[in-house]
Amino acid sequence: MRTRTGFRSVLAAGVLLAGTASPAGAQSMRDVQQAAEARGLTTADLLAAAKTFTPTGMKDEYIIFSSGGHSGQVFVIGVPSMRLLRTIAVFTPEPWQGWGYGVGEEILADGDVNGQPNRWGDTHHPALSETNGDYDGQFLFINDKANARVAVIDLRDFETKQIVKNPLIINDHGGTFVTPNTEYVIEGAQYSTPWAQEYAPIHEYREKYKGSVTMWKFDREKGRIDESQSFAIELPPYWQDLSDAGKLVSDGYMFLNSINTELATGGIENKKPPFEAGVSMNATDYLHIIDWHKAEKVYKAGKTMEVNGFPVIPLNVVIEEGLLYLTPEPRSPHGVDVTPKGDFLVVAGKLDPHVTVYSFAKIKDAIANQTFSGKDDFGVPVLDFDSVVEAQVEVGLGPLHTQFGPDGYAYTSLFLDSAVARWTLGGPYASGHSEPDWTLVHKTPVHYNVGHIGAAEGDTVSPDGKYLVSYNKWSVDRFFPTGPLLPQNFQLIDISKQGSEMPVIYDMPIGVGEPHYAQIIKADKLDPWTVYPEIGWDPQTQAVDPWAPRPKMERVERKDDHTVEVYMTAVRSHFTPEHVVVKEGDKVIWRITNIERAVDATHGFCVPQFDINLSLEPGETATFEFIADEPGTYPYYCTEFCSALHLEMMGYFLVEPRE
Ligand code: RUQ
Ligand code: CUA
């Protein structure tokens with residue numbers, strides 16, 4: 001709020017500083033005061049600006065990898081500047097990166113659903129690769145909730161390398177998250193369907209509809225998911241929701257919560273309870289506790305069934321082998337988050353003002369002593385709630401997701417309150433902060449309707465604190481209204497001080513898709529290339545392409561009556577060759593290498609009519625193919641303003657009519 005007191009405190013602060021400065025210093029302080037006064041800024045605003053303003057050339061300390069929601073992409077954002085640095089094209093074609101317009105097409109096609117191209121995605125939960133439970137800066141994974149797909153991004157060049165389509169499910173949500181050494185990338189299902197979404201009437205829900213979690217084996221050496229070493233675990237047909245992997249003391253376990261343990265099937269049009277009511281009827285749902293180390297052994301022992309060509313550990317084996325235990329969790333849980341030492345799990349129930357903290361030690365004891373309160377309808381043992389809960393902390397309305405600081409603080413987003421709560425973890429964390437154990441300390445209001453939050457390295461074994469970002473769904477009145485579709489709002493919160501000082505210091509409008517989760521990594525853990533390592537580099541294989549065109553070998557070569565190969569190089573400010581002549585109906589295999597070694601010397605390449613548009617970073621080679629089925633004269637040109645003679649960086653593609 002802009003108040004007169006605000007102005008006066010700016011002036012007071014200015015006078016105070018000016019009093020101790022040189023005459024020149026005093027003048028510049030007066031300039032600051034004047035500028036602040038003219039814009040109605042308070043001292044708090046100036047302080048926030050000082051904490052976030054990033055002059056030219058200064059780099060950000062942290063990097064956010066944010067889901068791009070239904071844009072299907074990933075956003076890369078600097079902290080504390082909150083500047084958007086890049087989008088990474090993943091499930092959706094993206095012209096600037098040339099993704100899906102000549103290159104990337106095979107990777108996108110690997111994500112086709114039963115042969116049907118789906119050229120968008122609903123990305124929710126990015127997961128950075130981890131070593132010993134800490135981000136290692138090598139890879140990023142992200143799920144597509146709409147079509148149950150998982151993508152792999154290599155952080156050497158920030159490009160998508162692989163998309164896998166889950167053969168069992170059509171939606172996912174509890175993913176991606178990784179095990180502490182990225183042995184597996186995990187994808188939990190969400191809305192239950194029959195396997196491979198085959199048809200089954202809704203009244204056969206209990207028998208035919210399935211829950212599951214898929215364990216995608218990650219081959220770090222190859223930088224790819226190894227589908228041949230991956231498997232799934234059948235779960236009851238609850239809607240598995242968010243998930244997290246155990247770490248340190250809980251390494252080897254993973255935790256998924258669920259909604260719809262009611263097995264509601266909706267039907268508002270037939271006067272049945274709508275899903276929103278049916279799914280929230282029970283006072284508790286089930287937290288799923290899965291021993292994935294054991295599950296891996298069961299898979300390797302071949303105790304699986306084959307579903308749509310994919311190995312699945314069936315529910316009866318899951319129960320017999322003791323892979324899965326349930327325990328009640330309060331109303332409509334959403335997030336489950338494992339504390340930094342791996343000793344507690346925090347579950348937030350959307351319809352319960354508390355977060356529920358489970359002790360992993362108590363869970364282990366309850367499993368060992370078989371402290372069950374019964375079994376669920378499918379025969380899965382249910383651990384007695386009271387014997388596994390450590391604490392319940394009342395944090396506010398609509399708690400969703402929790403992150404952690406280095407100082408024994410936990411942070412939970414409150415959707416209904418539009419706030420971020422800071423509360424204290426007890427037990428071994430209690431000494432990190434001055435407040436009593438398991439207590440709400442403070443709530444910072446955010447604008448508005450926060451979903452996920454992300455603290456700097458806040459879901460690892462060593463959270464950094466310092467910054468927290470609130471990923472808000474609604475911005476309402478915070479920005480200039482861009483018509484009825486408004487941007488969402490990423491708010492940066494300074495969490496460097498203890499207690500109740502936790503101010504919002506920056507608002508960043510996000511005008512593309514609806515981001516969900518985002519992870520924040522220390523920038524110095526990333527070591528991206530600024531040019532590709534060698535000329536002729538193929539980013540899809542991360543190796544030199546032996547076919548890459550090189551200087552002096554440029555040519556147009558007719559292979560047979562219907563195939564032409566083009567070997568082209570690009571350098572400021574020409575393509576070689578500048579004339580490419582083919583015949584109508586020819587298959588054209590076109591290879592281009594950007595032979596530049598200068599940082600940022602990217603060339604674009606487009607051919608009208610044939611839907612070709614590439615981005616060629618220094619050293620990169622690309623190969624694309626098309627049928628020249630339309631005779632004519634087509635200028636091709638460079639789409640990046642690369643030099644003073646960029647406009648001249650062009651050539652003619654001539655398609656001669658066949659008689
Ligand atoms: S889920 S906030 Cu995927 Cu919470 Cu969106
Ligand atoms: Cu190359 Cu413009």
Side-chain angles (χ1 to χ4, degrees), residues 66-70 96 98 121-127 142-146 148 171-177 187-191 239-244 256-259 332-337 346-350 398-403 412-416 418 420 446 448-454 459 469-474 488-490 510 513-519 568-576 578 592-596 598 600-606 613-618 620 622 635-651:
S66 168
S67 83
H70 37 297
W96 173 58
D122 184 13
T123 59
H124 273 235
H125 309 113
I142 193 152
N143 70 313
D144 163 25
K145 165 167 165 157
N171 292 129
D172 67 26
H173 194 244
T176 54
F177 63 104
E187 183 190 24
Q190 191 166 52
Y191 307 124
W239 296 350
Q240 282 80 33
D241 201 32
L242 279 173
S243 336
D244 203 0
L256 289 83
N257 54 29
S258 60
I259 50 177
S332 293
H334 189 48
V336 52
D337 297 285
V346 179
V347 169
K350 295 168 297 213
L400 295 184
H401 299 287
T402 299
Q403 293 268 300
T412 300
S413 56
L414 303 172
F415 182 83
L416 297 174
S418 280
V420 175
V446 294
Y448 303 88
N449 295 9
V450 51
H452 277 272
I453 49 177
D459 69 348
V469 181
S470 176
Y471 308 110
N472 308 327
K473 311 290 184 188
W474 285 21
Q488 315 220 337
N489 192 3
F490 280 15
I510 275 273
E514 186 216 314
H516 290 259
Y517 187 40
Q519 289 184 329
M568 179 174 273
T569 57
V571 70
R572 277 162 291 170
S573 304
H574 56 268
F575 293 109
T576 308
E578 294 186 331
I592 312 185
T593 307
N594 175 352
I595 59 172
E596 302 270 4
D600 216 356
T602 293
H603 296 289
F605 177 82
C606 75
N613 179 41
L614 314 178
S615 175
L616 298 160
E617 281 81 72
E620 179 172 353
Y636 50 83
Y637 68 94
C638 171
T639 48
E640 285 272 334
F641 209 115
C642 54
S643 67
L645 296 174
H646 147 82
L647 289 180
E648 290 76 1
M649 189 164 177
M650 64 83 67

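Both ligands and their constituent atoms are indexed starting at 1 by order of listing. Only this structure's heavy atoms are used, side chains among them; waters, hydrogens and symmetry mates stay out.
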message = Please tell me whether T412 and T402 have a donor and an acceptor in their side chains that are separated by less than 3.5 angstrom.
response = yes
task = Go through ligand 1 atom by atom and flag the ones less than 4.0 Å from a non-hydrogen atom of H401.
result = 1 (S), 2 (S), 4 (Cu)
ask   = What are the atoms of ligand 1, with element, lying closer than 4.0 Å to any heavy atom of H173?
value = 1 (S), 3 (Cu)
message = I'd like to know if the side chain of N594 reaches the main chain of L616, judged simply by a donor and an acceptor atom lying under 3.5 Å from each other, with no hydrogens or angles considered.
response = yes
query = Looking only at atom types and distance, does a side-chain atom of D144 sit under 3.5 Å from a main-chain N or O of D122, one as donor and one as acceptor?
reply = yes
key: Approximate separation, where rounding is to 0.5 Å, of T602 OG1 and E596 CD   = 9.0 Å
query = When the ring planes of F605 and F575 are compared, do they come out parallel, tilted or perpendicular, using 30° and 60° as the limits?
reply = perpendicular
request  = Hey, can you tell me if Y517 and H125 have their rings parallel, tilted or perpendicular (30° and 60° cut-offs)?
outcome  = tilted
note = Given a cut-off of 2.8 Å, the protein N, O or S atoms lying below it from atom 1 (Cu) of ligand 2 are H603 ND1, C638 SG, C642 SG, M649 SD
Tally of protein N, O or S atoms, where distance to atom 5 (Cu) of ligand 1 is under 2.8 Å = 1
Side chain to side chain, H173 and L242, heavy atoms closer than 4.5 Å = yes
inquiry  = Counting C-beta onward and ignoring hydrogens, is there a side-chain heavy-atom pair between K350 and I259 closer than 4.5 Å?
reply    = yes
request  = Could you list the residues that satisfy ring-ring contact (aromatic ring centres under 6.0 Å, His included) with H401, not counting sequence neighbours?
outcome  = H334, H452
inquiry  = Run the side chain to side chain donor-acceptor pair (under 3.5 Å) test against Y471 and tell me which residues pass, sequence neighbours left out.
reply    = none
ask   = Can you tell which of K350, H334, K473 gets a heavy atom nearest to atom 1 (S) of ligand 1?
value = H334
